[in-house]
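All heavy atoms count here, side chains included; hydrogens, waters and symmetry mates do not. Lettering follows sequence order; numbering is per chain, from 1.
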Protein chains: 2
Amino acid sequence: MAKRGIKDVAERAGVAVGTVSRVLNDHPSVTAEVRARVKAVIHELGYRPDPFARSMRSKVSRLIGIVIPDLTNPFFAELVQCAERAASEHGHNVIFMSSFDDAAKEADRLAQLAGRKVDGIIIVPSNSPHAIKAPKGLPLITVDRLLPDHPGVAADHRAGARVAVEYLAGLGHRRIACIAGPSGSRPAEDRLQGYLDVMRPLRDHRGAKVEPLFVNAAFDYESGRAAGTFLLARPRAERPTAIFASSDQQAIGCLRAANDLGIPLPAGLSIVGFDGIPLSNLITPRLTTIVQPMPEIADAAISSLLGRRKMPPLGKPDLFQCELAVRESSAEPVLEPAAINASR
Amino acid sequence: MAKRGIKDVAERAGVAVGTVSRVLNDHPSVTAEVRARVKAVIHELGYRPDPFARSMRSKVSRLIGIVIPDLTNPFFAELVQCAERAASEHGHNVIFMSSFDDAAKEADRLAQLAGRKVDGIIIVPSNSPHAIKAPKGLPLITVDRLLPDHPGVAADHRAGARVAVEYLAGLGHRRIACIAGPSGSRPAEDRLQGYLDVMRPLRDHRGAKVEPLFVNAAFDYESGRAAGTFLLARPRAERPTAIFASSDQQAIGCLRAANDLGIPLPAGLSIVGFDGIPLSNLITPRLTTIVQPMPEIADAAISSLLGRRKMPPLGKPDLFQCELAVRESSAEPVLEPAAINASR
DNA sequence: TTGTATGCGTTATCAG
DNA sequence: CTGATAACGCATACAA
């Protein structure tokens, strides 16, 4: 079985190479009969067009580059997985790169991808403050961490946070605290705003305003635990009955803090997370959370890059609505008779 | 800034295109002086060789394909990240694909990679029993889940397990249970063997043989919790004082089970995991575990594919030694006065 | 050592 | 609608 080329196919089918090429690219001007015959021969010979020769001429690589700060973050891992699936469905493959949250490495990766002549780039920018330089003429779209001067697609973090806090308020909670993300992070700030959106107009059973209470923390597990410990270290009468965490990892850490303090879940405390990472549905109790529609987000990013969907204009990112997944870490607040309060 | 070609560089440097090509490929027969001049021009013009034209001629793509079952498994995510870094250091890029643990999808991905003409393939085979068909002439290496008829590289799971159990035995533990992995999984069985290797010759303080005790469970969190609950649900006098889990996720689930049962760690129970995933060092208590040398494993896989290291022969996979990371989830067993036992 | 010329496998531009 | 043929950008055998 020697190396098959387009020439062999043409010869075997009794046509010219140009015709075979036209069949390959679904060019309309080919007789159905000829098309069928050529396709038959292609199948028979097991012919596969050489992607390099093809790209050299056509200037398209059917390759998408994706740059992520850190794949050990389960949220990004899911993004990559979804992006690969979406790209695959559009006949494209994915070149994966990690920036390790370093601006210099990120720039290098971008240059490499440009050199590879990928058809488009998906990037979650590194956190270090910087401007990413998109190789001119190369479609690039940011995901999750939006940047002002690049098109982007993300979950509607603010609206998602609102849903979470409204849910808790609807359950009857009033002392609702928030573990905010790190200041400086766009998604973190959006989520905090969503929390405040709901808290501000909220009134307790006596019609008095309720005080928002939040503390900044990194998105990871340990920071969430520390923040939770801080928020829960107060007399029961003042202690939050519910906590909205800005990430599932924070929420899981907070859950641990509650456990260490002997606070039963969800009886003594409700916790709602954000992201919907797989682990959130595996722990005990299973975490109530706001799940980001990652498949849709990834598909929007891919589709936009490939021109099958309009690129979101600068400053007007494509926003996707999140969904509340009610699980086991949340419930109505328990009644707090004055006697119990006094007994502390 | 028009499109730069090798021709432009040659012209600007006053040499022939062939010479430029030779400089590009570090061909020895080029005067240092000429080489320097050409390189200067290349830099000045910002010239980048077209990867397609180059690959078409040279038959190498500088692309490595990697296929894994599921990126939401943090262990595989780390593997991908390490592989990308290693490939990058060798001047290669990585095309990432997910098989979703499905043999059919896996075969499709493999075919795609072959079509892309990658220089080599790294694969963690899907769990469904099957034979993967490596496109002939395309270097392929399996990682972690070894297959009999393909070269492979992995951690020495058996030896690693031995280190874990020896550590526990050295601490004074005798009732050491094991949460084994799913039967049918090669890494799982190796780890179980390592456990048994240490347990069999073990004797208690009266010189009596100690009974191995293990239960099979999937590698995930919830299965680990269930297994832990099962193992710990017995009178204290019979209850294991230490548990060796076959994965960190299992260990973390088991940790949760102990917590739910009110067993303090590490005073009442020592737990050791396996893998060394990032999360293992973030939880409370931080998990004592066997960490796999993922960077080395990934680098060995990449180096072997690129011919910079000898391909491990069939049936003789490259094995890497794991390292014990002693953290907070393990300690010497507490004394068990008869009085305490009787009080139950 | 360096220049020249051919070919790699496709696509695209022309005629026919 | 189809065939012939010229690029595409680079590597390499061969000539100088």
**Student:** Between A:Asp8 and A:Arg12, does any NZ, NE, NH1 or NH2 come within less than 4.0 Å of an OD or OE carboxylate oxygen?
**Tutor:**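 Here A:Arg12 does not pair with A:Asp8 in a salt bridge, since their nearest N and O are not under 4.0 Å apart.
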
**Student:** Taking A:Arg57 first and then A:Asp50, would you say they form a salt bridge - that is, a charged N and a carboxylate O separated by under 4.0 Å?
**Tutor:** no

**Student:** Tabulate atom names and distances for all N/O pairs under 3.5 angstrom spanning the protein and nucleotides 12-16 of chain C.
**Tutor:**
unit_1 : atom_1 : unit_2  : atom_2 : d
C:dA12 : O4'    : A:Arg57 : NH2    : 3.1

**Student:** Checking the side chain of B:Ser61 only, and the main-chain atoms of B:Lys117 only, is there a donor and an acceptor separated by less than 3.5 Å?
**Tutor:** yes

**Student:** If you look at every strand shown and take non-hydrogen atoms under 4.0 Å, does A:Lys7 touch a base, only sugar-phosphate, or nothing?
**Tutor:**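 Nothing, no heavy atom under 4.0 Å.
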
**Student:** Give a yes or no on whether the backbone of B:Ala104 and the side-chain of B:Asp102 come within a donor-acceptor separation of less than 3.5 Å.
**Tutor:** yes

**Student:** Will you find, in the side chains of B:Thr72 and A:Glu78, an N or O donor that is under 3.5 Å from an N or O acceptor?
**Tutor:** no

**Student:** Could you state the NE2-C1' distance from B:His27 to C:dG3, rounded to the nearest angstrom?
**Tutor:**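 B:His27 atom NE2 is separated from C:dG3 atom C1' by 14 Å.
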
**Student:** Rounding to a whole Å, what distance do you find between A:Tyr47:OH and C:dG9:P?
**Tutor:**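 One finds 10 Å between P of C:dG9 and OH of A:Tyr47, rounded.
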
**Student:** Between A:Ser98 and B:Gln81, do the side chains contain an N or O donor and an N or O acceptor separated by less than 3.5 Å?
**Tutor:** yes

**Student:** Which donor-acceptor pairs under 3.5 Å do the side chains of residues 87-95 of chain A make with protein atoms, sequence neighbours left out?
**Tutor:**
unit_1  : atom_1 : unit_2   : atom_2 : d
A:Ser88 : OG     : B:Arg109 : NH1    : 3.4
A:Glu89 : OE1    : A:Arg85  : NH1    : 3.4
A:Glu89 : OE2    : A:Arg85  : NH1    : 2.8
A:His90 : ND1    : A:Arg308 : NE     : 3.2
A:Asn93 : OD1    : B:Arg116 : NE     : 2.8
A:Asn93 : OD1    : B:Arg116 : NH2    : 3.4
A:Asn93 : ND2    : B:Gln112 : OE1    : 2.8

**Student:** In a table with atom names and distances, give each donor-acceptor pair under 3.5 Å that connects a side chain of residues 131-142 of chain A to protein atoms at least two apart or in another chain.
**Tutor:**
unit_1   : atom_1 : unit_2   : atom_2 : d
A:Thr142 : OG1    : A:Pro151 : O      : 3.1

**Student:** Bend angle of the helix from C:dT1-D:dA16 to C:dG16-D:dC1 from five-pair axes at both ends, rounded to 10°?
**Tutor:** 40°

**Student:** For DNA chain D, note the earliest and the latest nucleotide, 5' to 3', having some atom under 4.0 Å of a heavy atom belonging to chain B.
**Tutor:**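 It runs D:dG9 to D:dA13.
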
**Student:** When all nucleic acid strands are considered with a 4.0 Å heavy-atom cut-off, which category describes B:Thr31: base, sugar-phosphate, or nothing?
**Tutor:** sugar-phosphate

**Student:** With a 4.0 Å cut-off on heavy atoms, is A:Val20 in touch with a base, just the backbone sugar-phosphate, or nothing at all?
**Tutor:**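 Touches nothing.
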
**Student:** Tell me what A:Arg48 touches on the nucleic acid: a base, only sugar-phosphate, or nothing, going by heavy atoms under 4.0 Å.
**Tutor:** sugar-phosphate

**Student:** Please list, one pair per line, the donor and acceptor atoms closer than 3.5 Å that link side chains of residues 297-305 of chain A to other protein atoms, with sequence neighbours excluded.
**Tutor:**
unit_1   : atom_1 : unit_2   : atom_2 : d
A:Ser303 : OG     : A:Asp299 : O      : 2.8
A:Ser304 : OG     : A:Ala300 : O      : 2.8

**Student:** Is it the case that the side chain of B:Ser21 and the backbone of B:Val17 share a donor-acceptor pair, with hydrogens and angles ignored and the cut-off at 3.5 Å?
**Tutor:** no

